[in-house]
Chemist: 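One structure coming up, written as C-alpha cells, with questions to follow.
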Amino acid sequence: GESVGLHLPTLSVQEGDNSIINCAYSNSASDYFIWYKQESGKGPQFIIDIRSNMDKRQGQRVTVLLNKTVKHLSLQIAATQPGDSAVYFCAENMGTYKYIFGTGTRLKVLA
Amino acid sequence: NAGVTQTPKFQVLKTGQSMTLQCAQDMNHNSMYWYRQDPGMGLRLIYYSASEGTTDKGEVPNGYNVSRLNKREFSLRLESAAPSQTSVYFCASREGGTSNEKLFFGSGTQLSVL
C-alpha cells in the first residue's frame with residue numbers, strides 16, 4: 001500500500017557534523033517529494049523539494065537525494081547547527097491534491 | 001507577508017461543544033487544506049478545497065465540516081467535539097495552478113477535548 005516511512009525515529013549528531021535523514025516511499029507513481037522541518041510548537045516549514053526527473057538537488061546547507069530504483073529519499077544537512085534541531089519529515093505527491101506524509105525523524109544536535 | 005494564519009493557537013473544549021478553527025492565507029493561493037497531526041502518525045488530510053467554491057473530503061472527514069468563505073479563508077468546524085478529536089490542526093495552502101507544488105503551513109491549533 002501507499003506509505004512514506006523513516007528509518008530512524010531519532011538521530012543525534014554532534015554540532016558541526018553532517019546529518020543524513022532517510023525516507024522510504026512505496027508509491028512508484030509519486031513524482032514530487034518535499035522535506036519539511038518542524039520545530040516544537042510550530043507548523044511544518046518547507047526545506048527543499050525534488051521532482052522525479054532529478055536525483056539530486058542542493059540548497060543552502062541541504063541536499064536532497066532521490067533514488068527511484070529503491071524508492072528512497074534522503075536529506076543531508078551539512079555542518080549541523082543547534083538551530084537544526086527539529087523533527088524532519090518527508091512528503092510525496094502524485095501530482096494531485098493528495099500528499100502522503102512520513103511520521104518524522106527527530107534530529108538532536110549535541111553541543 | 002504573513003503567509004498562513006490560524007486562530008486560535010490553543011483551545012480546550014468539553015465533549016459535545018462546538019467550535020470553528022479559522023484559517024486565512026495572503027498568498028493568493030487557490031488550494032487550501034486542513035490536516036490533523038497525532039503522535040506517531042503523519043499528517044492526515046481532513047478536508048481540502050481545490051479552489052474557491054469547492055470542498056472535498058480527505059482521509060479523515062468524520063466529525064468535521066468546512067467552509068471556503070472566500071479565496072483567502074478556509075474554516076474547519078467541529079459540531080460536537082469528541083475526545084478522539086484531540087489533536088494539533090494545521091491549515092495549509094498551495095498555489096494550485098499546476099501539479100508538484102509545495103504546501104505552506106500555518107502554525108497550528110492545539111485542541112484538547114475533555
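Every value quoted in this text rests on a predicted model; they were computed, and no experiment measured them. Labels below follow one simple rule: chain letters A, B, ... track the order of the sequence lines, proteins then strands, and each chain is numbered from 1.
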Chemist: So for B/Leu45, is it side chain, backbone, both, or neither that comes closer than 4.5 Å to the heavy atoms of chain A?
Modeler: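 Only the side chain of B/Leu45 comes within 4.5 Å of chain A.
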Chemist: Pick one of side chain, backbone, both or neither for A/Gln45, based on which atoms fall under 4.5 Å of a heavy atom in chain B.
Modeler: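 Contact with chain B is absent: no heavy atom of A/Gln45 under 4.5 Å.
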Chemist: Could you tell me whether the side chains of B/Arg77 and B/Ser18 share a donor-acceptor contact shorter than 3.5 Å?
Modeler: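 Yes - a donor-acceptor pair under 3.5 Å links their side chains.
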Chemist: Can you say whether A/Phe33 sits under 4.5 Å from chain B via the side chain, the backbone, both, or neither, judging by heavy atoms?
Modeler: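 Contact with chain B involves no heavy atom of A/Phe33 at all.
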Chemist: Checking heavy atoms, do the side chain of A/Phe46, its backbone, both or neither come under 4.5 Å from chain B?
Modeler: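 Just its side chain gets close to chain B.
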Chemist: Considering only distance and modelled atom types, tabulate donor-acceptor pairs under 3.5 Å from the side chains of residues 78-86 of chain A, sequence neighbours left out.
Modeler:
{"from": "A/Thr80", "atom 1": "OG1", "to": "A/Asp17", "atom 2": "O", "distance (Å)": "2.7"}
{"from": "A/Thr80", "atom 1": "OG1", "to": "A/Ser19", "atom 2": "OG", "distance (Å)": "2.7"}
{"from": "A/Asp84", "atom 1": "OD1", "to": "A/Arg61", "atom 2": "NH2", "distance (Å)": "2.9"}
{"from": "A/Asp84", "atom 1": "OD2", "to": "A/Arg61", "atom 2": "NH1", "distance (Å)": "2.9"}
{"from": "A/Asp84", "atom 1": "OD2", "to": "A/Arg61", "atom 2": "NH2", "distance (Å)": "3.3"}
{"from": "A/Asp84", "atom 1": "OD2", "to": "A/Gln81", "atom 2": "N", "distance (Å)": "2.7"}
{"from": "A/Ser85", "atom 1": "OG", "to": "A/Pro82", "atom 2": "O", "distance (Å)": "3.2"}
{"from": "A/Ser85", "atom 1": "OG", "to": "A/Val109", "atom 2": "N", "distance (Å)": "3.2"}

Chemist: Please confirm whether the ring centroid of A/Tyr99 lies under 6.0 Å from the ring centroid of B/Tyr35.
Modeler: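 No, ring centres 6.0 Å or more apart.
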Chemist: Taking side chain as everything from C-beta outward and backbone as N, CA, C, O, which of these in B/Gln37 sits under 4.5 Å from a heavy atom of chain A? Side chain, backbone, both or neither.
Modeler: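 Only the side chain of B/Gln37 comes within 4.5 Å of chain A.
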Chemist: Of the options A/Val64, A/Asn22, A/Asn67, which is the one that meets A/Leu73 in a side chain to side chain contact (heavy atoms under 4.5 Å, CB included)?
Modeler: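 Among A/Val64, A/Asn22, A/Asn67, the one meeting side chain to side chain contact (heavy atoms under 4.5 Å, CB included) with A/Leu73 is A/Val64.
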Chemist: When you compare the side chains of B/Ser107 and B/Lys9, does any donor N or O come within less than 3.5 Å of an acceptor on the partner?
Modeler: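 Yes.
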